[in-house]
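Beneath this line is the structure, given in C-alpha cells, with notes to follow.
Atoms within a ligand are numbered from 1 in the order they appear, just like the ligands themselves. In this chain, residues are counted from 1 in sequence order.
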Amino acid sequence: MKLKYKGHHVYTRRGVVGEKGKYKCLRCSNNQQNLFYTFKDLRGLCTYCLNCIALGRSDSLSPIFYEDTTRYTDHLNFTLNFELNSEQQHASDRIVSAIQNNHDLMLYAVTGAGKTEITFRGIEYARNNGLNVAFVSPRVDVVREIYMRLKDAFVTARIDLLYADEKIETDFVFTVCTVHQLYNFIEHFDVIIVDEVDAFPLDGDKILEKQIRRALTKNGSCILLTATPNRALLSGFKNSEIVTIKRRYHGYKLTVPEVIYRNIEKQFKKNKLDKTLKEYLDKSVKDKRKVLIFVPEIRMLAPFMAVLKHHYSKIDYVYSGDQSRKQKVEEMRNDTLDILVTTTILERGVTFKCLDVYVVHAEYFDSASLVQIAGRAGRKIIDPVGHVYLFTSHNTLALLKTRHTIRKLNKGEV
Ligand SMILES: [Zn+2]
C-alpha cells in the first residue's frame with residue numbers, strides 16, 4: 001500500500017500515537033523520543049514526528065490514509081548505447097537471478113563501472129513480470145540523474161519521480177525516489193535497488209534500513225549498489241550474495257591522482273591565485289576540458305571564487321543549499337561554464353564529459369571521499385582518461401590511502 005494525506009481508506013486514525021514521553025510514529029516507525037515535538041493548536045496538544053517531517057506532518061491529531069498497491073505487467077525494452085562487457089554481463093545476470101529467486105544481492109563496483117546500466121536487465125525482467133520496482137538513492141542530485149538515465153533507456157515506461165523539490169506521480173509500479181520517500185510505502189515494491197548504499201544518510205541509519213524492508217514485499221529482493229562499502233555493510237552479506245566489478249565499463253583504469261604540494265588558501269587570502277594551480281587550470285581550459293574544483297568547506301567558496309574570477313570568465317560555484325544547483329550543472333554540460341567550484345555535494349553521481357578534477361586542500365578530505373571524487377574523471381567512452389589533481393599543503397594518511405586504493409582497484413584487487 002501507499003500512504004497518503006487524503007483518501008478513502010484510513011491507515012491510522014492518528015499518525016503519532018502514545019502518551020507523554022512514549023510516542024511512536026506510525027508512518028516511519030520512529031520511536032526516538034527526542035524526535036517528537038509537541039505544541040498547542042486550536043484542537044489541543046499536538047505531537048508530531050520530526051523524523052519524517054520532510055514528507056509532510058505525521059501528528060497525534062490527524063489521520064493517515066492509504067491506497068492499495070497497483071500491479072500490472074509491462075512490455076518494456078530498454079536501449080543502451082554500449083555493450084556490456086563480460087564482467088558486467090555476469091553481474092547483470094546475477095541481478096536477474098536474485099530477483100527470480102527472491103534474494104538480496106550486493107553489487108560492489110568501482111566508480112564508473114556502469115552500475116546503473118547493469119541493473120537495466122533486472123528492471124526489465126521485473127516489470128515485464130508484473131513486479132513493482134523502486135530505484136532509490138540517499139542523495140537528491142543522484143536521484144534526478146538516475147531518473148534521466150532510466151527515462152532515456154526505458155522510453156516507453158511510466159516512471160514516477162519523488163524527491164524534495166519535484167514529483168512526477170503516476171501509479172508507482174516503477175519509481176525513482178530518495179530513500180526517505182519509502183516511508184510512504186508498505187509491502188509495495190518487489191524489487192528495491194539502492195544506489196550508493198554507503199552514502200549519508202543511509203549509512204548506519206537503522207530506521208531507514210527498517211523502512212526499506214517495510215517497503216519491500218515479503219519475497220522481495222533488495223539490490224544494493226556500492227563503490228566504497230564499509231566493513232559493516234559487507235559483513236551483512238554472504239559471499240555468494242556479493243558480485244564484484246573491478247573495471248570501469250570502458251575497460252580503462254581509474255586515474256591515479258597527482259599530488260601537488262601548495263597552500264592555495266594562503267594565496268587567495270592575499271587576493272592571489274597560486275601560480276602552480278593557475279598553470280594547471282590554464283592547461284585544462286586551453287585543452288577544452290571541463291573543470292570541477294572541490295573545496296573542503298563552504299566558507300572557502302566565495303573568497304576563492306573572487307580570485308579565480310580575475311582569470312576565468314566561464315566559472316561559477318555551487319554548494320548544497322544553492323537553489324540554482326541544477327541549473328549550474330546544466331550550464332557545465334552546455335558549455336556556458338568551463339569551471340565549477342564545488343563542495344563535496346558533487347562528489348557522487350554527476351557525470352561530465354572531458355572532465356579534469358581538482359581538489360584544493362585535499363588534506364581535509366578522507367580517503368572514501370577522495371576515491372569518489374577521483375572517480376568523477378574519465379567516465380565517458382569518448383574521454384576515458386581524465387586528470388585528477390590533489391593540491392594539498394601537506395601529505396596525509398588519507399592521501400596515501402587514496403592512491404593505494406586506486407592502484408589496487410586497477411590491479412583488480414579489492
Ligand atoms: Zn515519522
Side-chain angles (χ1 to χ4, degrees), residues 1-70 132 134-143 160-169 172 175-190 192-218 220 222 224 320-321:
M1 65 176 82
K2 178 179 186 305
L3 303 183
K4 49 192 281 193
Y5 265 124
K6 292 204 167 82
H8 301 297
H9 309 304
V10 176
Y11 172 66
T12 169
R13 305 291 315 164
R14 309 270 178 262
V16 170
V17 291
E19 304 256 295
K20 217 171 178 221
K22 279 228 157 93
Y23 296 110
K24 184 176 181 189
C25 172
L26 297 181
R27 176 167 62 189
C28 73
S29 316
N30 168 38
N31 59 4
Q32 243 178 287
Q33 298 308 313
N34 56 351
L35 293 180
F36 290 97
Y37 184 77
T38 305
F39 71 103
K40 205 171 176 185
D41 81 353
L42 291 171
R43 299 170 294 174
L45 282 180
C46 177
T47 301
Y48 68 92
C49 171
L50 295 167
N51 186 54
C52 61
I53 187 71
L55 303 177
R57 204 166 78 196
S58 165
D59 67 40
S60 59
L61 298 179
S62 324
I64 293 177
F65 298 92
Y66 73 92
E67 63 191 36
D68 286 323
T69 295
T70 304
N132 286 349
F135 203 122
V136 306
S137 171
R139 298 277 298 244
V140 172
D141 341 32
V142 179
V143 166
D160 303 274
L161 172 66
L162 300 174
Y163 75 103
D165 7 329
E166 211 167 335
K167 285 188 174 53
I168 298 169
E169 304 189 28
F172 306 104
T175 303
V176 181
C177 64
T178 50
V179 180
H180 279 95
Q181 295 286 341
L182 291 180
Y183 286 140
N184 277 331
F185 295 92
I186 299 173
E187 294 187 21
H188 177 94
F189 294 108
D190 306 287
I192 298 183
I193 301 167
V194 189
D195 193 26
E196 305 282 6
V197 70
D198 52 313
F200 175 86
L202 196 62
D203 189 13
D205 189 334
K206 288 283 167 241
I207 300 182
L208 278 171
E209 240 178 270
K210 239 165 69 188
Q211 231 45 49
I212 291 176
R213 290 291 158 204
R214 187 174 78 145
L216 206 57
T217 50
K218 291 243 151 45
C222 186
L224 304 178
S320 62

Aromatic plane relationship, F185 with F189 - under 30° parallel, 30 to 60° tilted, over 60° perpendicular
tilted
How are the rings of F172 and H188 set to each other: parallel, tilted or perpendicular (split at 30° and 60°)?
perpendicular
For residues 21-38, which residue pairs pass the salt bridge (charged side-chain N to carboxylate O under 4.0 Å, His left out) check, not counting sequence neighbours?
none
With H9, which residues qualify under ring-ring contact (aromatic ring centres under 6.0 Å, His included), at least two apart?
Y66
Mind checking salt bridge (charged side-chain N to carboxylate O under 4.0 Å, His left out) for D41 and listing every partner two or more places apart, or none if nothing turns up?
R43
Return yes when atom OH of Y37 has more than 12 non-hydrogen atoms of other residues, nucleotides or ligands closer than 6.0 Å, and no otherwise.
no
Ignoring waters, how many protein N/O/S atoms are under 2.8 Å from the Zn ion (ligand 1)?
4
